[in-house]
Amino acid sequence: MAAELTAHQLIEQHRPTLDQALEAIRTRAYWSPHPEHPKAYGENGSLDMAAGKAAFDAHLGSRLDLGQPGTDDWVGGEVSPYGIELGVTYPHADVDTLLPAMRAGQRAWRDAGAEMRAVVCLEILKRISDRTHEFAHAVMHTSGQAFMMAFQAGGPHAQDRGLEAVAYAYVEQVRTPDNAEWTKPQGKRDPLALTKRFTPVPRGVALVIGCNTFPTWNGYPGLFASLATGNAVLVKPHPRAVLPLALTVQVAREVLTEAGFDPNLVALAAERTGEGIAKTLATRPEIRIIDYTGSTAFGDWLEANARQAQVYTEKAGVNTVLVESTDNYKGMLSNLAFSLSLYSGQMCTTPQNLLIPRDGIRTEEGPRSYDEVVADLAKSVGGLLGDDARANGLLGAIVNPDVKARLEAAAGLGEVALASREIANPEFPDAVVRTPVIVKLDGAKPDDQAAFMNECFGPVSFAVAVDSAADAVALLRRTISNKGAMTVGAYTTSEEVEEAVQEACLEECAQLSLNLTGGVYVNQTAAFSDFHGSGGNPAANAALCDGAFVANRFRVVETRKEA
């Protein structure tokens, strides 16, 4: 098939966006080319709300044929956390056929150069952006996110993270020039002269192992970082969240074909129920890069066993907020209440442990005891979620039975300051919707420590009483060191405490948010400006996104000859 997208067209259309992304990661200022508001779509070829919903509905009960080689079966079985059976089937691959086909197109993709790869990736992202409403429903009905969160986190925010990865990949590849003339003086003799060529060479086939809760947001950085650095990418979605990544693969294959490249540079690896192909794929010799988001146990397994691959993992951590003092008590409570409630706490960045001195805290309204702080926070969460319609819009649905079981078990770990309640969703009667639980624990008791020092993923938070701010900082440091943390928060008006918390986070390598009382929350990060994870504590061995996340996905190979 003749190329429908020329290099000139792609560069002309997308180079300005790439340049803006490069400037954004340099300045760390706010920027996004992807609108956050649903009403911004519907022009210039993009799908509006009704068209996006219709496009999603059209997938239900259908077969998503990607035209991949080696398809030996059709598999599916996704059930929405809102109770809908999606009924979509996907190609099941014979990897002995698919992997060689994926490698066949890498030479032309490598030779295309960093700029061409970048603008092809930006065309893929542009087409995904045009279908944001469709993707939002796909994310909503595989992850359980409420629609607006699925729209924003699964759409523009995910697309931003993908573009950010492309920008970083481009920077690292062009750091070394394509060609150089090298001359070394030899005194009275003729100088030594060499012509040198430097080529970014991909590692091989990259494997993206998707997660259930944020299939696009967590999947796009690795996918686009590997593709932009010349690697073919095999996408293995979570079996409960296939559709968003399958649609992504579909778009990528269409763009690659139209740009004159092999569509098999991007392929899908869907699995049969209970097949568990991730371990098999991860140890194949062809797989040279792995991106994974999920449990610590499997992340540790990948790091230990996929020795032939460069492995990037985002695992589990115990996120902590230290509450020592504040000059905006109501703002603090409101901010924390939203952070604990958003998406039923089913985010790797949601705070779990709230460290509060047992003698209480200082506020602009006067002192508040530990019991008063916890009670006031419970009241704030209750007020935020008191209206069922609003609660459904914030909480979404419980993504799987394991989260529901942890939520129910947490109430037996200590004194319940805020009980979880069931909320009905009139639009989706089968959805499991629960408000958060807050449990009071004592930081000095070994049994309580055993509870709060392990991740309890879901809408569960522990209000941990500590003896002093110094003890809180020491516990924070120990938690990050032993268990890891994707996020750390602190509320203090004391310069001494602020410095101690910041030093603990610098030494233990954890991202810190201080005194958030407005519309920015500890569990949210902005692409091009905020780093998601640090790669320096047990919660993750990589950050989204920095130079280290992309630079080792390729190597520079030199060819030199006498001038």
Side-chain angles (χ1 to χ4, degrees), residues 1-19 21-22 67-69 98-128 162-180 195-208 220-235 248-267 286 288-289 310 547 549-559:
M1 179 184 295
E4 299 177 28
L5 295 170
T6 67
H8 175 75
Q9 290 171 328
L10 288 167
I11 292 170
E12 183 178 42
Q13 181 177 356
H14 296 299
R15 182 71 212 206
T17 303
L18 177 61
D19 288 339
L22 296 174
Q68 297 182 174
L98 181 59
L99 286 173
M102 295 183 71
R103 297 176 69 183
Q106 282 193 297
R107 178 176 179 176
W109 187 236
R110 177 201 71 199
D111 292 346
E115 183 180 47
M116 185 61 180
R117 288 193 294 270
V119 294
V120 169
C121 287
L122 264 60
E123 176 66 19
I124 296 169
L125 285 164
K126 171 64 168 60
R127 295 195 188 183
I128 291 171
L163 174 54
E164 177 185 49
V166 173
Y168 271 99
Y170 178 81
V171 166
E172 294 301 325
Q173 289 175 97
V174 301
R175 188 180 301 280
T176 303
D178 293 337
N179 299 284
T195 295
K196 302 183 179 184
R197 180 181 178 186
F198 304 96
T199 305
V201 174
R203 282 188 171 272
V205 179
L207 174 66
V208 174
Y220 283 5
L223 192 166
F224 285 99
S226 288
L227 192 62
T229 50
N231 304 276
V233 183
L234 180 59
V235 179
T248 301
V249 170
Q250 182 184 56
V251 173
R253 292 175 64 85
E254 290 171 354
V255 171
L256 286 164
T257 299
E258 292 177 28
F261 296 102
D262 191 332
N264 296 320
L265 287 165
V266 179
E286 302 96 330
R288 305 305 301 277
I289 301 167
Q310 183 73 25
F549 184 69
V550 299
N552 212 13
R553 295 173 190 263
F554 69 95
R555 309 308 299 165
V556 177
V557 175
E558 176 185 353
T559 301

Are the side chains of [X] and [Y] in touch, meaning some heavy atoms are under 4.5 Å apart?
X	Y	value
Val255	Thr257	no
Val235	Thr248	no
Val266	Ile124	no
Lys196	Thr559	no
Asp178	Arg197	no
Ile128	Tyr220	yes
Leu163	Leu122	yes
Asp262	Leu256	no

Looking only at non-hydrogen atoms, find the nearest pair between [X] and [Y] and report the distance.
X	Y	value
Val550	Ala165	CG1-O, 3.9 Å
Gln173	Thr229	OE1-CA, 3.6 Å
Ala21	Ala167	CB-CB, 3.9 Å
Asn264	Ala101	CB-O, 3.8 Å
Phe549	Ala225	CE2-CB, 3.9 Å
Ala118	Tyr170	CB-CD1, 4.4 Å

How long is the straight-line distance from [atom2] of [Y] back to [atom1] of [X], given to the nearest 0.5 Å?
X	Y	atom1	atom2	answer
Thr6	Ile11	OG1	CD1	8.5 Å
Thr17	Leu125	OG1	CG	10.5 Å
Asn179	Thr195	CG	OG1	8.5 Å
Leu22	Glu164	CG	CD	11.5 Å
Arg127	Gln250	CZ	CD	11.5 Å
Thr199	Phe554	OG1	CZ	11.5 Å

- May I have all residue pairs that pass salt bridge (charged side-chain N to carboxylate O under 4.0 Å, His left out) and include part of residues 112-121, sequence neighbours excluded? Arg15-Glu115
Any sub-3.5 Å donor-acceptor pair from [X]'s side-chain atoms to [Y]'s backbone N or O?
X	Y	result
Arg555	Pro202	no
Ser226	Leu223	no
Trp109	Ala228	no
Asn231	Arg203	yes

- Query: Which residues satisfy the side-chain contact (heavy atoms from CB on, under 4.5 Å) test with Val557, sequence neighbours excluded?
  - Reply: Val201
- Message: One thing to verify: whether Glu172 and Arg175 come together as a salt bridge, which I'm taking to mean a side-chain N less than 4.0 angstrom from a carboxylate O.
- Response: yes
- Given the rule in the side-chain contact (heavy atoms from CB on, under 4.5 Å) test, do Val205 and Val233 qualify, once you have shown the distances and angles that lead to the verdict? CA-CA 6 Å; Val205 179; Val233 183; over 6 Å; no
- salt bridge (Lys or Arg N to Asp or Glu O under 4.0 Å) involving Arg103 - partner list, sequence neighbours excluded: none
- Message: Applying salt bridge (Lys or Arg N to Asp or Glu O under 4.0 Å), can you list everything that pairs with Arg553, at least two apart in sequence or on another chain?
- Response: Asp291
- For Gln13, all residues meeting side-chain hydrogen bond (donor to acceptor under 3.5 Å, both in side chains), sequence neighbours excluded: none
- Taking only residues two or more places apart in sequence, or in another chain, which ones meet Gln310 in a side-chain hydrogen bond (donor to acceptor under 3.5 Å, both in side chains)? Asn552
- Message: Checking Glu258 against Arg253 for the salt bridge (Lys or Arg N to Asp or Glu O under 4.0 Å) test, could you report, in this order, the C-alpha distance in whole Å, the side-chain angles of both residues, the deciding distance, and whether it holds?
- Response: CA-CA 9 Å; Glu258 292 177 28; Arg253 292 175 64 85; over 6 Å; no
